[in-house]
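What follows is a single structure, written as structure tokens, with notes after it.
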Amino acid sequence: MEIEIPYNVTARPDTGAYNAKIGIWLFLASEVMLFGGLFSAYIFLRMGATHWPHHLLNVPMGLFNTVVLITSSITMVMAWTALKMRQFQSYRRWLGATLVCGVLFLCVKSLEYKDKLHHYGVILNNGQEITGHLEMTPEEAMKSNVLRILPDAEDAGSFGYQLQSIFGRPAAAGEEKVLEIPKSDIQWWSNFTPRYSTFLATYFTMTGLHGLHIIGGLLVLGFFWGPGAKLYRTNPEHLANRVEVAGLFWHFVDLVWIFLFPTLYLL
Amino acid sequence: MDEQRHKTAQPQGGEGKAPSHGTGHHEHHPELSWWRRYVFSTDHKVIGIQYMITSLLVALFGFGLMVVMRWQLSFPGKPVPVIGPLLTAVFGANLAPGGVMTPNLYNSFGAIHGTMMIFMAIVPALFAGFGNFVVPLQIGAPDMTFPRLNMASFWTFFVGVLIMLGSFLVPGGAAKSGWTSYPPLANVSDTGMGFEPILNGQTLWLIGMAFNITGSLLGSVNIIATIIQLRAPGLQWMRLPVFVWSELVTAFLLLLAFPPLESAAVMQLMDRLFGTSFFSPDGLVIGGRHWPVSGGGSALLWQHLFWFLGHPEVYVQILPTMGIVGEVIANNTRKPLWSYKIFVYSLLSIGFLSMVVWAHHMYMTGMGQSITTFFQIFTTIISIPSVLLGTVLLLSLWGGSIRLPVPMLFALAWLPMFGIGGLTGLPLGWTASDMVLHDTYYVIGHFHYMMAPASIMGLFAGIYYWFPKATGRMMNEFWGKVHFWMTIIFFNGVFFPMLIQGFAGVHRRWYDGGAGWQMAQPVLWLNQVMSVSAWILAIGQIPFIINFFWSIWRGKRVTSDNPWQANTLEWAAPTPPGHGNFTHPMAVYRGPYEYSVPGAAHDYLPQWVEEESKVPEPKLSSV
Ligand code: HEM
Ligand SMILES: [Cu+2]
């Protein structure tokens, strides 16, 4: 048995909002502070860094994902308006489209993660850094006392190169020769995991936390697409409110990405 | 339902009227199972009591840790009497050989004492315990806005407590890096030989804190939304009881200051689990070995993120008690607060300012002159509203016909304790004097005056004050007074000498005093004074514990729903309030502290009574 709480569905006249709307705005305020903490950590670490890598991330993929998320925000609004106009079928379609966008985002993101984990960096004793791909299996690399590395091309940071590299070996590649580096010359080597550098640590932490938010959002939206949509029959307005609130969360998660993309990929 | 209402609807709050029982809503619904009623309940009152009991138990445990630490400080290296064998049995011969505390065990006790007292005892008791129980009642609401979320907050918090407690049992024992968990120490401690990758003290500390933070975020969303949305008709902002105001400000602090610590905890977890270097600087050498990380991080970053929470957090521990003390003082002086407005505006400005003073904990880190200046200025400014608040409460006593029931004793004692805490804070707020005082027992003395004597006096005031509403029975006066005197005297016995030792340069964290004790010979005898006081303080809590449980079942029954003849809405509810709280919708006609209004029939005029001279009419109850 639950007690009936006032203003669960209808707005309280003097505040102009129903309960969940106040709740979600408060929650989002705390989320702003959560990501704010991470962003300030990023700024703090970057200001103190002697060296900060550029063009490490694949800009076309990031851009694509940005477009995907913005689209999903639009479909999210459409889903809500459809519900407000009591067009249930249309609501399901738009919300479905939002879900597809979210899943697409995660797929692209995991491709990017995979790329990073197959990318290697070596720091020589003289401080020089070489990045590229292993020309041996990671197991061999662990055992052998020479690393065979195919270094990244000169213009590997350019948009065109990165775009081509998604679909295969870019035309510009090929002039590079495989380097054989004795381990005794190496200070530190590993693939691009979070521990490789503070940049990658921030990259993985921030996008990882953002990814978790996307997953959370998808679960909630998936619920309102599936079992949760039953509420439409008894109380469509309540469902519309819930979708509005979930939508606010979804927009927020998009917004975070809109900050993450330039910060991590471009600057 | 209506019939039922009329039966219980009687003039509420009059003297000598039999209290009503909050069963009005129950009879029409199928009874909830025992589990749903007392364990997985969504009722804000049950959840409030769950918070309160859990926190009190944690507080007892945290106090126990300290009582043992005080033995080590008074008699370094001697086996702990009585519980020595128990220590060895629980923590093993590595940490407590022959009942002697090792440095590692001492550090674990210290870290967990601080963490649990702050995050899992004082804050949940004051903010969540009273917040849950009292706020919806005081604003005339049937429950919190999100009852199920409320239940989730409690259980999230509870899991955090279990993790923190459980961390004592993993190999190597609980976290050892202080309640502040400063890296690089916290990054490297509890790693390597003999430690599990995840099930080790420091990692569990982080995971436990993540649960604690999540729970308190959900809780603060709920409290704020409740106060905004569920105020009874007529309960405008400036008619809110000061306790509700203090909860509102506290909730905002928790909501906005905790998340950066959560992100910091995530980063420290990354450092510990994935070997990142958020907080590991370049060229970190530990035990003569180059620490195998990329470097490039910053230990200062952690301190900033930690204190960005840490400072608001200390206000989180005092603000609710200001509200409680305000309620109790107004009620027992039988006159309005000296200035409700100044009180409320001071609360609000403390709330804002407490977000911009955090780096006064970091003066000694070499942040730079301009940053230090900024934080000195704001630290000094924040003492203005603090002093105003204290002044309002003090002046409220002026010319009152003061009653002295137990809650009032605690509320009165709160004032000087808060005064000492605040005044000792000022020298810490200025770099010139902080240079000598930083990291000494003086700091420990300063903040304990705030969080132990002051906050805990407020906590007890609240417990004795609202106990009759929660149980329908009064706590015993005599034993309450015994408890009061034991507590106030020995609290000071524990903490005042700390200020003196701090001046002599005694370091705050050392296990056996180290070289510092050589210099501080003249004040070392105070260690015994403090330890003995702490032990007697522990004994002094026994009357409270017995009184508490005895009174639940055997205490004197209250004869009215409003035994203190108070004005705020919680006293209009049945005793104890049933699920859904009020037997009829509440409406509010005036401010919360209209005591001794000239010409009124009684010396109090409840907020829910429409006409001042008339006894409330049944009409009101069937609206
Ligand atoms: C007038 C108000 C206050 C001022 C000016 C003030 C100032 C300070 C300063 C400057 C420090 C840092 C000292 C150091 O580490 O060298 C400090 C520490 C501390 N204060 Fe206050 N404070 C005030 C009120 C409070 C209140 C109300 C509380 C809690 C209820 C509190 C709790 C603490 C705690 C817990 C610490 C020590 C944290 C640690 O290092 O472990 N303070 N205070
Ligand atoms: Cu502070």
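The structure displayed is predicted, hence computed values, not measured ones. Just so it is clear: chains get the letters A, B, ... in the order the sequence lines come, proteins before strands, and each one is counted from 1.
With rounding to the nearest 0.5 Å, the separation of CD1 in A:Ile5 from CG in B:Asp143 is 5.0 Å. We find the CG-CD1 distance between A:Leu26 and B:Ile228 to be 5.5 Å, quoted to the nearest 0.5 Å. Taking CD of B:Glu262 as the reference point, atom CD of A:Glu31 lies at 8.5 Å (rounded to 0.5 Å). One finds the CG atom of A:Asn8 at 8.5 Å from the OG1 atom of B:Thr145 (value rounded to the nearest 0.5 Å). From B:Leu217, atom CG reaches atom OG of A:Ser30 across 5.0 Å, with rounding to the nearest 0.5 Å.
Counted within 6.0 Å of CZ on A:Phe223, heavy atoms from surrounding residues, nucleotides or ligands total more than 12; the atom is thus considered enclosed. Counted within 6.0 Å of CH2 on A:Trp257, heavy atoms from surrounding residues, nucleotides or ligands total more than 12; the atom is thus considered enclosed. Enclosure of atom CZ in B:Phe211 is not indicated, since only 12 or fewer non-hydrogen atoms of other residues, nucleotides or ligands lie within 6.0 angstrom. Enclosure of atom CH2 in B:Trp291 by more than 12 non-hydrogen atoms of other residues, nucleotides or ligands within 6.0 angstrom is indicated.
You'll find the side chain of A:Thr198 stays beyond 4.5 Å of the side chain of B:Thr276, heavy atoms only. By the 4.5 Å heavy-atom criterion applied to side chains, B:Pro142 and A:Glu4 are not counted as neighbours. Using a 4.5 Å cut-off on side-chain heavy atoms (C-beta onward), A:Tyr196 and B:Ser294 make no contact. In this structure, A:Phe44 and B:Ser298 have side chains that are in contact, with non-hydrogen atoms separated by less than 4.5 Å.
Within the 4.5 angstrom heavy-atom criterion, only side-chain atoms of B:Phe308, from C-beta onward, approach chain A. Proximity to chain A (any heavy atom under 4.5 Å) is restricted, for B:Met267, to the side chain, taken from C-beta onward.
Chosen from B:Phe274, B:Phe278, B:Phe146, the residue pairing most often with chain A at heavy-atom distances under 4.5 Å is B:Phe278. Among A:Val32, A:Leu200, A:Ile22, A:Ile24, the residue with the largest count of heavy-atom pairs under 4.5 Å with chain B is A:Ile22. Looking only at heavy-atom pairs under 4.5 Å with chain A, the residue among B:Val221, B:Leu300, B:Leu305 that has the most is B:Val221. Highest contact tally toward chain A, considering only B:Ala251, B:Ser280, B:Gly295, B:Pro292, is held by B:Pro292 [criterion: heavy-atom pairs under 4.5 Å].
Checked by atom type and distance alone, the side chain of A:Arg12 pairs as donor or acceptor with a backbone atom of B:Arg231 at under 3.5 Å.
Taking all atoms of both residues into account, the shortest heavy-atom contact from A:Tyr18 to B:Gln229 is C-NE2, 3.4 Å.
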